[in-house]
2 protein chains.
Amino acid sequence: MKKRSSIKDIARDCELSVMTVSRALRNAYGIHPKTRERILESAKRLEYIPNRLATNLVLRKTDTVGIVVPDIARSFFPALFRGLEMVLNERGYHLFLCCSYDQVVKEQEQVMALLERRVDGIILAPASISQSKGTIDCILSQGCPVVLVDRLVPGVQADTVTATDFEGAYEMVTHLIKQKYQNIVHVAGSQDIWTASERLRGYTEAMRAAKREIHPEHIVQTGFTFEDGENAAKMLLARKKMPDAIFCVNDPVAIGVYKTLRDNGIVIPDQVALTGFSAIAEGELLEVPLTTVRQDAQALGTEAANLLLARLNGLKTEMPVAKQVPTELVLRASTRNNK
Amino acid sequence: MKKRSSIKDIARDCELSVMTVSRALRNAYGIHPKTRERILESAKRLEYIPNRLATNLVLRKTDTVGIVVPDIARSFFPALFRGLEMVLNERGYHLFLCCSYDQVVKEQEQVMALLERRVDGIILAPASISQSKGTIDCILSQGCPVVLVDRLVPGVQADTVTATDFEGAYEMVTHLIKQKYQNIVHVAGSQDIWTASERLRGYTEAMRAAKREIHPEHIVQTGFTFEDGENAAKMLLARKKMPDAIFCVNDPVAIGVYKTLRDNGIVIPDQVALTGFSAIAEGELLEVPLTTVRQDAQALGTEAANLLLARLNGLKTEMPVAKQVPTELVLRASTRNNK
DNA sequence: CTGAAAGCGCTAACAA
DNA sequence: TTGTTAGCGCTTTCAG
């Protein structure tokens, strides 16, 4: 492994001072065109690539932003990442992507790694309502700008960008009620995660507004994945009486439910109506396309990126900014949609 | 924005030399337990987080690996990323994820950013057979270990991990021939991308082995996405005579074809058989589940990561290592599968 | 237009 | 067990 060449090697090669080389390489003023040309030629010949560790150390700036999401393999997050990347790359930032897998400890580790590498800012979809606060406070205490995206943590003094999870769920469930479904079950996600908790709240409030009673069997607790949906469906199938509508916390869960019900001969939407949340592409490809709530993941990304950029450029406001991206009902064949 | 504390602040706080603090923080030998305790307490109180820019500069090691993929939003790549991450995180490396969007210029930029940040190694799924060589040679010339994954670039002296694209395609097409399909069309991807070119080669060789003639209309040129599949299907629909089997370069394309054919009243597999490549989850959820070739994306990731780790730990071999991960035929309802 | 000195935050090597 | 010196590769002063 050969040694990489440095600014010093170029200086020696050109018989100039390190300083002149540094200036020429950065296109700074006050360098004789002839000199600059010699330097550039030498840099090329020596295969010089600047060492940004050194530059960043001096400048206290890395042009790097850290991203922490639960799991990049979940359909929603690549879209979000793309939104972030489009905006931030454009402005000269590079991205560190980390996954927390919804584990608080892992999240903490990843954030530490980012802080040690002195990223200019962090965009975080926190793993836990109850336990991520410490991690976020740690970022804040280092004076590192942070934007929470998709998920909130109450009581944290950070900028946030979320979708209207509560409103979306409320609207969805209200639609089901209007369609005269009598027994609407919510397959809910972990209540320690913001989006899941907001969607449950949307369900609850919509039911309450329609004077529907909510019994424990109306709520099935599960996770966020396809497999979690399969399990939830099995539990429902084991009951004496199936619901006539199921509102799932997200699309992967809904698709898991869909598949299990279908494999057990249940006809959607005739016997059971089914809905998800997020509008990932897969839902539309099902034999019976999935009614859902559209969330613009990429827009969440661009908004979060813009907010971070504003802070990076010195935006000072007393209060943290809380931005919401609207959701939209998407009615497809997995529910009855009269009128 | 308050100033972050450094090792120097702790030294002042404890009335010790910087060196002693450095040692204590790294759990090095030869520090009085009492002293270490004081230092640790002080570090905590001052909210000290080590500056790895400085450490990395001295140690010439960043514990960071750069990943460059075409597009993290494509189902295949999150799985690959996960494989990489599992292995590399475990061994203390953090990951820089970049997307090239199949653009050579963007790829070049991303690689430069990684090299400037002095990543310890790079894992790359190259954008172009004909144009990525320069970029890869640039990495190599810096003495930076690199592993090509999923896609190759001929004539490059780097370790590689690929799936058996040729064999998988050959097997698939041979199966279609055995099922007595007469007019088998290949919806091919860009021939400047390794996987697409290998799959076309698999198609061609299988046809040749069965003494089938290949005419220009047997091959439809398109891209890698769902939309590309839709376009290809429209072109086929416009023909006088539809094929009786379509082998698509990958699953997203196949699903795009599927949807367009279905929307035009074509029954799969009765009128047209359809197959993809990759076995992404979506293919199984279609009304008529998709016959395809399974590729273990995560395994590609773990293999590539292990290969890189070996190089990072000083593995020296004359020749680059070329590892292949097997593929497997997945027969589902979108093709006739007799016997 | 060019250069010398100092320092970013840390560690390796040697000395006390 | 602790401290001193030098230096990683670069940039910011301030001088020439």
Side-chain angles (χ1 to χ4, degrees), chain A residues 1-40 42-43 46-64 115-120 142-144, chain B residues 1-40 42-43 46-64 115-120 142-144:
Chain A
M1 160 137 31
K2 74 212 286 189
K3 202 182 160 304
R4 275 129 130 125
S5 47
S6 78
I7 218 173
K8 215 188 260 175
D9 299 312
I10 300 176
R12 195 180 313 113
D13 186 61
C14 297
E15 298 180 302
L16 284 167
S17 78
V18 160
M19 202 48 240
T20 307
V21 175
S22 169
R23 270 196 283 254
L25 258 18
R26 278 175 292 147
N27 291 309
Y29 293 113
I31 296 284
H32 192 96
K34 231 22 189 231
T35 315
R36 153 167 302 132
E37 208 170 298
R38 266 172 60 216
I39 291 173
L40 260 30
S42 169
L46 297 178
E47 298 180 321
Y48 170 75
I49 293 182
N51 186 335
R52 299 259 333 224
L53 295 174
T55 313
N56 295 344
L57 184 58
V58 176
L59 266 36
R60 298 154 182 287
K61 175 150 179 23
T62 54
D63 299 323
T64 305
L115 256 14
E116 291 181 358
R117 283 164 178 76
R118 293 299 190 262
V119 293
D120 293 336
Q142 297 292 311
C144 176
Chain B
M1 160 134 33
K2 75 213 284 189
K3 203 184 161 303
R4 275 129 128 126
S5 45
S6 78
I7 218 175
K8 216 188 259 175
D9 299 311
I10 300 176
R12 196 178 314 113
D13 186 61
C14 297
E15 298 180 304
L16 285 165
S17 79
V18 160
M19 202 50 237
T20 307
V21 175
S22 169
R23 270 194 285 253
L25 258 18
R26 279 175 293 148
N27 290 311
Y29 294 111
I31 296 286
H32 192 99
K34 243 348 195 254
T35 314
R36 155 169 299 133
E37 208 170 297
R38 264 171 62 215
I39 291 173
L40 260 30
S42 170
L46 296 178
E47 298 179 320
Y48 171 76
I49 294 182
N51 186 336
R52 298 259 333 226
L53 295 174
T55 312
N56 295 345
L57 185 58
V58 176
L59 265 36
R60 298 154 181 289
K61 178 154 178 18
T62 54
D63 298 323
T64 305
L115 256 15
E116 291 181 357
R117 284 164 178 76
R118 293 298 190 262
V119 292
D120 293 337
Q142 297 292 312
C144 176

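Below, chain A is the first sequence line, B the second, and so on; all start at residue 1. All figures in this text were calculated on a predicted structure; none of them were measured in a lab.
One finds the OG atom of Ser22(B) at 12.5 Å from the CG atom of Leu16(B) (value rounded to the nearest 0.5 Å). In this structure, CG on Asn51(B) lies 10.0 Å from CG on Leu57(B), to the nearest 0.5 angstrom. With rounding to the nearest 0.5 Å, the separation of OG1 in Thr55(A) from CZ in Arg117(B) is 10.0 Å.
Rounded to an integer number of Å, the gap from CG of Asp63(B) to P of dT11(C) is 12 Å. Distance, Asn56(A) CG to dC10(D) P: 11 Å, rounded to whole Å. Rounded to whole Å, atom P of dA12(C) lies 13 Å from atom NZ of Lys61(B). Per the geometry, NZ belonging to Lys8(A) stands 13 Å off P belonging to dA4(C), to the nearest Å. Counting to the nearest Å, the P atom of dA12(C) and the CE atom of Met19(B) are 7 Å from each other. Whole-Å rounding puts the Arg117(B) CZ to dC8(D) P distance at 23 Å. Residue Ile39(A) contributes atom CD1, which lies 12 Å from atom C1' of dG3(C) at whole-angstrom precision. The nearest whole Å value for the distance from the CG atom in Leu16(B) to the P atom in dT4(D) is 11 Å.
With hydrogens and angles ignored, no donor-acceptor pair closer than 3.5 Å exists between the side chain of Arg118(A) and the base of dG9(C). For Arg4(A) against dG9(D), a side-chain-to-base donor-acceptor contact under 3.5 Å is absent.
At the heavy-atom level, Leu57(A) lies under 4.0 Å from base atoms of the strands shown. No contact: Leu53(B) has no heavy atom under 4.0 Å from any strand. Within the nucleic acid shown, Arg52(A) has no heavy atom closer than 4.0 Å to any nucleic acid atom.
Evaluated for a side-chain contact (heavy atoms from CB on, under 4.5 Å) with Asp120(B), the options Thr64(B), Asn56(B), Asp63(B) yield exactly one hit, Asp63(B).
For dT2(C), one of the phosphate oxygens OP1 or OP2 lies less than 4.0 angstrom from a side-chain nitrogen or oxygen of Thr35(A). For dG9(C), one of the phosphate oxygens OP1 or OP2 lies less than 4.0 angstrom from a side-chain nitrogen or oxygen of Lys3(B). Within the 4.0 Å cut-off from OP1 or OP2 of dT11(D), at least one side-chain nitrogen or oxygen of Arg26(A) is found. In this model, the phosphate group of dG3(D) is approached by a side-chain N or O of Ser17(B) to a distance below 4.0 Å at OP1 or OP2. Between Ser22(A) and dT11(D) there is a side-chain N or O to OP1 or OP2 distance below 4.0 Å. Between Lys34(A) and dC1(C) there is no side-chain N or O to OP1 or OP2 distance below 4.0 Å.
Looking only at distances, a side-chain donor or acceptor of Arg118(B) sits under 3.5 Å from a matching main-chain atom of Leu115(B). Side chain of Ser42(B) to main chain of Asp13(B): no donor-acceptor pair is present (N/O by atom type, distance under 3.5 Å, no hydrogens or angles).
You'll find that the side chain of Ser6(A) is closest to dC10(D), out of dG9(C), dC10(D), dA12(C). Comparing dT2(C), dG3(D), dC10(C) by their closest approach to the side chain of Arg23(B) singles out dG3(D). Residue Ile7(A) has its side chain nearest to dC10(D) when only dT2(C), dC10(D), dA5(C) are considered. The nucleotide whose nearest atom lies closest to any side-chain atom of Arg60(B) is, among dG9(D), dA12(C), dG3(C), dG9(D). Distance from the side chain of Ala54(A) is smallest for dC10(D) among the nucleotides dG3(D), dC10(D), dC8(C). In the set dT11(C), dT11(D), dT2(D), the nucleotide with an atom closest to the side chain of Leu59(B) is dT11(C). Candidate nucleotides dC8(C), dT2(D), dC10(C) were compared by shortest atom distance to the side chain of His32(B), and dT2(D) ranks first.
In this structure, the side chains of Leu40(A) and Glu37(A) stay at 4.5 Å or more apart for every pair of heavy atoms.
Each of Arg36(B) and Val58(B) has a nearest nucleotide on DNA chain D; the 5'-most of these lies closest to Arg36(B).
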